[in-house]
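Worksheet for the structure shown next.
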Amino acid sequence: MRRPPRVVIDTNLVLSALVFAGGRLAPLRLAWQGQRVLPLVSRATAAELIRALAYPKFKLAAHEQEELLADYLPYCKTVRMPAVAPATPPCRDAFDVMFLELAVAGKADALVTGDKDLLSLAGKLACPILSAERFFDTIGVRR
């Protein structure tokens with residue numbers, strides 16, 4: 001049996017899949033729940049997700065934030081980042097570098113993002129950088 005692809009999913013996509021369960025990214029949530037993909041996280045990306053779930057615009061109580069984290073983090077593989085950050089292509093947004101580094105350190109099969117700065121680096125990283133829609137096509141998810 002083939003292993004599920006190891007993927008780095010940017011925070012905005014994870015948030016959308018978690019907070020808007022019936023939205024366009026619902027198949028992404030179903031993919032990690034069904035173990036069709038193995039999301040990779042680092043301390044930095046997990047902390048970013050925790051911080052983002054607390055944004056006032058989501059109006060999530062602490063217990064709701066915890067429930068959403070519990071619907072993601074147990075499905076993830078935590079990657080211990082090396083002391084020396086892996087080489088990545090230059091990125092215009094410094095906050096996106098953690099996703100590039102995680103993809104390299106975690107030997108990701110894909111980095112899935114909606115971020116234009118990251119998408120502009122397609123072809124410059126060891127793994128493909130794909131939009132959610134392109135990623136759905138590669139793993140055969142119907143939308």
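Positions are given from 1 along the sequence.
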Hydrophobic cluster identity match, [X] and [Y], side-chain contacts under 4.5 Å:
| X | Y | result |
| --- | --- | --- |
| Phe58 | Leu13 | yes |
| Met81 | Leu100 | yes |
| Phe135 | Ile129 | no |
| Leu68 | Ile9 | yes |
| Leu119 | Leu102 | yes |

Exercise for the section: Go through the steps for Asp115 and Phe99 under the test side chain to side chain contact (heavy atoms under 4.5 Å, CB included), then give the verdict. Expected result: CA-CA 11 Å; Asp115 186 289; Phe99 299 105; over 6 Å; no
[X] to [Y] - nearest heavy-atom pair and separation:
| X | Y | answer |
| --- | --- | --- |
| Pro82 | Ala105 | CD-CB, 3.9 Å |
| Ser120 | Lys124 | O-NZ, 4.4 Å |
| Leu28 | Ala17 | CB-CB, 4.5 Å |
| Gly114 | Asp10 | N-OD2, 3.2 Å |
| Val8 | Ala108 | CG2-CB, 4.0 Å |
| Pro27 | Gly23 | CD-O, 4.3 Å |

Exercise for the section: List the steps and the verdict of side chain to side chain contact (heavy atoms under 4.5 Å, CB included) for Val7 and Leu38. Expected result: CA-CA 6 Å; Val7 296; Leu38 177 61; over 6 Å; no
Practice task
Count the heavy atoms of every other residue, nucleotide or ligand shown that sit under 6.0 Å from CZ of Phe95, and state whether that count exceeds 12.
Solution key: no
Handout entry: Heavy atoms from other residues, nucleotides or ligands near CZ of Arg51 exceed 12 (cutoff 6.0 Å)
Key = yes
Using 0.5 Å steps for rounding, measure from the [atom1] atom of [X] to the [atom2] atom of [Y].
| X | Y | atom1 | atom2 | value |
| --- | --- | --- | --- | --- |
| Arg24 | Phe136 | CZ | CZ | 7.5 Å |
| Leu111 | Leu130 | CG | CG | 8.5 Å |
| Arg29 | Ser16 | CZ | OG | 11.5 Å |
| Leu118 | Ser131 | CG | OG | 12.5 Å |
| Ile50 | Glu66 | CD1 | CD | 10.0 Å |
| Leu40 | Thr78 | CG | OG1 | 9.0 Å |

Judged by atom type as modelled, is there a donor-acceptor pair below 3.5 Å linking the side chain of [X] to the main-chain atoms of [Y]?
| X | Y | result |
| --- | --- | --- |
| Trp32 | Asp71 | yes |
| Glu101 | Met98 | no |
| Arg6 | Gly106 | yes |

Handout entry: Residues Asp109 and Arg3 bridged, charged N to O under 4.0 Å
Key = yes
Exercise for the section: Going by the side-chain contact (heavy atoms from CB on, under 4.5 Å) test, name the single residue among Leu30, Ile139, Val112 that passes it with Val37. Expected result: Ile139
Problem - Side chains of Phe20 and Leu15 in contact at under 4.5 Å (non-hydrogen atoms) - result: no
Problem - pair Leu18-Val14: side-chain heavy atoms closer than 4.5 Å - result: yes
Practice task
Could you walk me through whether Leu60 and Val19 pass side chain to side chain contact (heavy atoms under 4.5 Å, CB included), step by step?
Solution key: CA-CA 9 Å; Leu60 296 170; Val19 175; 4.3 Å; yes
